There are 2 protein chains.
Amino acid sequence: MAHRPKNTVLLETASIDRDSFEPAYAQLANILRQNMVEGLLRPGSQLPSEAQLVERYGVSAMTVRRAINILVDQGVVTAEQGRGTFVKPVTLSAATFQLGQLENLFGNREGTNVQLLETRIVAADERVARKLAIHEGKRTIYMRRLLWNDNEPAFYHREYLIYDPTRPIVEAELEVTALQQLFSGTSEARSETGITSSLLKHGEISMEATLLDEEEARLLKVLQPMAAFCFEHLFYDFDDKPVSWGWFIGRADRLRFTTQVGLINA
Amino acid sequence: MAHRPKNTVLLETASIDRDSFEPAYAQLANILRQNMVEGLLRPGSQLPSEAQLVERYGVSAMTVRRAINILVDQGVVTAEQGRGTFVKPVTLSAATFQLGQLENLFGNREGTNVQLLETRIVAADERVARKLAIHEGKRTIYMRRLLWNDNEPAFYHREYLIYDPTRPIVEAELEVTALQQLFSGTSEARSETGITSSLLKHGEISMEATLLDEEEARLLKVLQPMAAFCFEHLFYDFDDKPVSWGWFIGRADRLRFTTQVGLINA
DNA sequence: GTTATACACTTATATATATAAGTTTACAAG
DNA sequence: CTTGTAAACTTATATATATAAGTGTATAAC
């Protein structure tokens with residue numbers, strides 16, 4: 001308090017509306033973010049201390065705390081114990097791309113369906129055996145599917161599945177709808193019939209940019225050479241055993257991931 | 001761990017360690033997540049109510065609340081007022097890829113540097129003018145840079161910058177280090193000298209898979225045809241005016257984004 | 001059988017209070 | 001000058017308590 005010559009941060013006079021539908025902590029978080037948007041709080045500058053915010057906005061310390069925690073979680077400020085809370089500068093590394101942005105492709109919309117190209121039992125070669133943690137030569141289910149959207153092929157999916165009659169995952173995966181559910185993210189925690197999703201515990205997904213080979217280009221109805229996104233996936237069941245290894249390949253001219261960094265208005 | 005009636009939700013007997021370095025709310029969140037990992041709490045199933053958790057683990061309601069909020073933020077459970085809190089199933093759409101995963105390429109490591117290929121003043125064509133919200137024909141700074149990593153070209157960067165002597169952004173952007181800072185995400189909220197980053201308020205970044213053209217392939221020292229990641233970016237200053245439009249192009253065989261969906265151990 | 005109500009649950013929000021712990025500054029001791 | 005310490009800040013954690021609001025069920029009234 002004694003020394004605040006130039007550091008006097010002048011915050012907006014906006015206040016908390018107690019009759020609002022929006023909870024106080026959310027309002028305060030938005031007020032603070034708005035201060036950043038308007039340039040009153042610039043990157044590197046220190047936010048008013050929690051005690052100051054309590055006094056200024058007439059809310060309890062816990063409410064202030066929660067508002068600031070939201071901003072911390074959103075990555076726009078950093079709170080350092082004993083020092084203060086500071087506005088973070090913009091960095092490229094903060095950019096995140098979500099696969100869920102493809103939901104518009106595989107939502108509940110009409111014109112989206114899955115075409116099963118092939119299903120057959122194949123012996124696992126060295127690569128498949130290693131990925132699925134089984135012995136080489138053991139039988140696996142190999143599936144090829146084409147995911148259509150608006151009468152255009154959008155994704156070509158190849159997948160190796162553990163072959164085990166006692167595993168219910170196999171039956172479920174054959175359902176074409178299961179794939180769509182996995183993509184569209186209709187969690188439906190309400191229903192206990194999670195089909196595929198509820199039998200998968202976790203998975204690893206990696207994204208690459210590749211060239212389409214002849215077969216892929218033909219199925220996706222494009223001419224070579226053509227760039228593509230390739231999503232390799234490896235899913236595990238609740239025993240932490242791999243059950244599915246495969247790739248989604250989508251034509252690059254239909255796919256684009258967008259994100260925002262820095263201060264977003266809302 | 002003897003056998004019990006199946007419908008009884010049996011949570012682990014793990015308890016909160018009050019002498020631990022880890023705060024109680026974090027411990028509880030981890031205990032609950034561990035229950036999911038072990039299959040005691042499966043997707044779709046309901047977590048014990050907050051009141052039950054208070055009694056079982058001997059913590060306050062606020063602590064339980066915070067633990068559950070963490071799980072909600074992490075996207076592994078959904079809390080529905082009046083009904084309960086439920087474990088979410090795994091969905092592909094939850095997969096997120098962070099640009100910050102490239103930090104190992106552009107961190108503080110040795111062998112990482114930026115080569116300025118060209119800087120010149122060019123008149124904005126229709127496309128540039130529209131992106132940067134300036135009049136066609138107005139002067140802009142066009143820069144081409146090559147980002148090296150371990151004596152190999154990793155990214156080719158082209159950028160159009162607003163040309164305005166009154167804007168400090170121009171001077172700062174010429175610093176080759178600024179680019180690295182933007183990538184490596186060394187926020188350094190401590191220092192008020194944010195250089196480039198602190199002058200940028202926000203930006204839009206989109207990711208595409210493309211084919212390298214002749215010039216790009218030559219600079220990145222690869223043969224065509226070659227797939228590549230292309231990150232188009234548009235950055236704004238604190239007046240919400242565009243200041244930088246450009247593309248980072250990286251060879252696909254050196255770039256891979258990985259992510260996890262579902263339950264992560266830690 | 002249908003409807004309305006009351007009750008028992010759930011999560012959501014908010015306050016007041018206390019303690020712990022990290023950081024910086026000021027100041028006295030050497 | 002350096003060093004040690006105390007004080008005054010900061011955020012972090014935790015409890016206890018109260019109220020609000022959504023959901024589902026049992027029950028009484030019609």
Side-chain angles (χ1 to χ4, degrees), chain A residues 1-5 7-9 15-32 44-73 76-88 189-192, chain B residues 9 15-32 44-73 76-88 188-192:
Chain A
M1 285 293 225
H3 45 78
R4 303 174 39 187
N7 257 10
T8 315
V9 179
S15 58
I16 308 289
D17 176 14
R18 309 315 289 247
D19 298 328
S20 168
F21 161 78
E22 205 180 10
Y25 68 87
Q27 288 185 51
L28 180 52
N30 285 332
I31 288 174
L32 291 172
S45 65
Q46 184 173 8
L47 268 68
S49 76
E50 297 185 355
Q52 286 176 300
L53 291 173
V54 163
E55 192 185 5
R56 183 162 342 190
Y57 293 100
V59 292
S60 74
M62 285 299 291
T63 302
V64 168
R65 186 126 268 280
R66 190 161 177 190
I68 289 179
N69 275 338
I70 288 175
L71 298 177
V72 171
D73 289 341
V76 296
V77 301
T78 55
E80 300 177 43
Q81 182 175 150
R83 291 200 354 104
T85 306
F86 303 88
V87 183
K88 273 167 74 172
R190 204 164 200 151
S191 71
E192 299 273 332
Chain B
V9 180
S15 58
I16 308 290
D17 176 13
R18 309 316 288 245
D19 299 328
S20 168
F21 161 77
E22 204 180 11
Y25 67 87
Q27 287 185 52
L28 180 53
N30 285 332
I31 288 173
L32 291 173
S45 65
Q46 183 174 8
L47 269 67
S49 75
E50 297 184 355
Q52 285 175 300
L53 292 172
V54 163
E55 191 186 6
R56 184 166 334 191
Y57 293 99
V59 292
S60 74
M62 286 299 291
T63 302
V64 168
R65 187 125 267 281
R66 188 162 178 188
I68 289 179
N69 276 338
I70 287 175
L71 299 177
V72 171
D73 288 342
V76 297
V77 302
T78 54
E80 300 177 42
Q81 183 175 148
R83 291 199 356 105
T85 306
F86 304 87
V87 183
K88 273 168 69 171
E188 274 298 311
R190 201 163 201 150
S191 71
E192 301 271 334

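When reading the values below, keep in mind they use all heavy atoms of this one structure, side chains included, and skip hydrogens, waters and symmetry mates. Chain A is the first sequence line, chain B the second, and so forth, proteins listed ahead of strands; every chain is numbered from 1. The shown structure was predicted, so the numbers you read here are calculated from the model rather than taken from an experiment.
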Asks: Side chain of Glu50(A), heavy atoms from C-beta onward: which of dA14(D), dA12(D), dT13(C) has the nearest atom to it?
Replies: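 Nearest to the side chain of Glu50(A) among the choices is dA12(D).
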Asks: Give the minimum heavy-atom separation between Ala67(A) and Tyr25(A), together with the two atoms involved.
Replies: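 The pair with the smallest heavy-atom distance is CB-O, 3.3 Å.
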Asks: Which nucleotide in the set dT15(C), dT15(D), dT11(D) lies at the smallest distance from any side-chain heavy atom of Val59(B)?
Replies: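 When the side chain of Val59(B) is considered, dT15(D) is the closest of dT15(C), dT15(D), dT11(D).
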Asks: So, using side-chain hydrogen bond (donor to acceptor under 3.5 Å, both in side chains) as the criterion, who are the partners of Glu55(B) when residues are at least two apart?
Replies: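 Residues passing side-chain hydrogen bond (donor to acceptor under 3.5 Å, both in side chains) with Glu55(B): none at all.
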Asks: Atom CG of Leu28(B) and atom C1' of dT15(D): how far apart are they, to the nearest Å?
Replies: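 Nearest whole value for this atom pair: 15 Å.
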Asks: Rounded to whole angstrom units, what separation is found between the CD atom of Gln52(B) and the P atom of dC9(C)?
Replies: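 Distance check: Gln52(B) CD to dC9(C) P gives 11 Å.
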Asks: Expressed in angstrom and rounded to an integer, what is the separation of Asn69(A) atom CG from dA12(C) atom C1'?
Replies: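 Atom-to-atom, Asn69(A) to dA12(C), this comes out as 17 Å.
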Asks: Figure out the CD/P separation between Gln46(A) and dT10(D), and round it to whole Å.
Replies: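 Value for this atom pair: 8 Å.
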Asks: If we only count heavy atoms from C-beta on, is the Leu32(B) to Val77(B) side-chain gap below 4.5 Å?
Replies: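 Counting from C-beta outward, Leu32(B) and Val77(B) never come under 4.5 Å.
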Asks: If you only use heavy atoms from C-beta on, which nucleotide in dT11(D), dT15(D), dT11(C) is closest to the side chain of Ala79(B)?
Replies: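 So the side chain of Ala79(B) is nearest to dT11(C).
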Asks: Side chain of Gln81(B), heavy atoms from C-beta onward: which of dG22(D), dA16(C), dA21(C) has the nearest atom to it?
Replies: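 Among dG22(D), dA16(C), dA21(C), the one nearest the side chain of Gln81(B) is dG22(D).
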Asks: From CG of Leu47(A) over to P of dA12(D), roughly how many Å is that when rounded to an integer?
Replies: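 So the CG-P distance, Leu47(A) to dA12(D), works out to 12 Å.
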Asks: What is the distance, to the nearest angstrom, from the CZ atom on Phe21(A) to the P atom on dA21(D)?
Replies: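 About 11 Å, once rounded to whole Å.
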Asks: Could you tell me how far apart Tyr57(A) (OH) and dT13(C) (P) are, to the nearest whole angstrom?
Replies: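 The answer, rounded to whole Å, is 20 Å.
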Asks: Considering all heavy atoms of both residues, which atom of Gly84(A) and which atom of Gln46(A) are nearest to each other, and what is their separation?
Replies: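 Nearest pair, atom of Gly84(A) first, then Gln46(A): CA-NE2, 3.5 Å.
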Asks: Which nucleotide sits closest to the side chain of Ser49(A): dT17(D), dT11(D), dT10(C)?
Replies: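 Within the option list, the nearest is dT11(D).
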Asks: Identify which nucleotide among dA14(C), dT10(D), dT15(D) has an atom closest to any side-chain atom of Arg18(A), counting heavy atoms from C-beta outward.
Replies: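 Of dA14(C), dT10(D), dT15(D), dA14(C) is nearest to the side chain of Arg18(A).
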Asks: CD of Glu22(A) versus C1' of dA12(C): gap in Å, rounded?
Replies: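 Going from CD in Glu22(A) over to C1' in dA12(C) covers 15 Å.
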Asks: Counting C-beta onward and ignoring hydrogens, is there a side-chain heavy-atom pair between Thr85(B) and Leu71(B) closer than 4.5 Å?
Replies: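 Thr85(B) vs Leu71(B): side chains apart.
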Asks: Between Ala26(A) and Gly82(A), which is nearer to the 5' end of DNA chain C once each is assigned its nearest nucleotide?
Replies: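 Nearer the 5' end of the strand: Ala26(A).
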Asks: Between Thr85(B) and dT10(C), does any side-chain N or O lie under 4.0 Å from OP1 or OP2?
Replies: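 Checking dT10(C) against Thr85(B), no side-chain N or O comes under 4.0 Å of OP1 or OP2.
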Asks: Among residues at least two apart in sequence or on other chains, which ones pass side-chain hydrogen bond (donor to acceptor under 3.5 Å, both in side chains) with Glu50(B)?
Replies: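 Listed in chain order: Arg65(B).
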Asks: If you assign Tyr25(B) and Gly84(A) each to the DNA chain D nucleotide with the nearest heavy atom, which residue ends up on the more 5' nucleotide?
Replies: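 In this pair, the answer is Gly84(A).
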Asks: Let's see if you can work this out: which of dT10(C), dA12(D), dT23(D) has an atom nearest to the side-chain heavy atoms of Arg83(B)?
Replies: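 Nearest to the side chain of Arg83(B) among the choices is dT23(D).
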Asks: With sugar-phosphate meaning primed atoms plus P, OP1 and OP2, does Arg65(B) contact a base, only sugar-phosphate, or nothing at under 4.0 Å between heavy atoms?
Replies: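 The residue Arg65(B) makes base contact.
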Asks: Which nucleotide wins on minimum distance to the side chain of Ser60(A), given the candidates dA16(D), dT15(C), dT10(D)?
Replies: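 Side chain of Ser60(A) sits closest to dT15(C).
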Asks: Which nucleotide, dT23(C), dT13(D), dG24(D), lies nearest any side-chain atom of Arg66(B)?
Replies: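 Nearest to the side chain of Arg66(B) among the choices is dT13(D).
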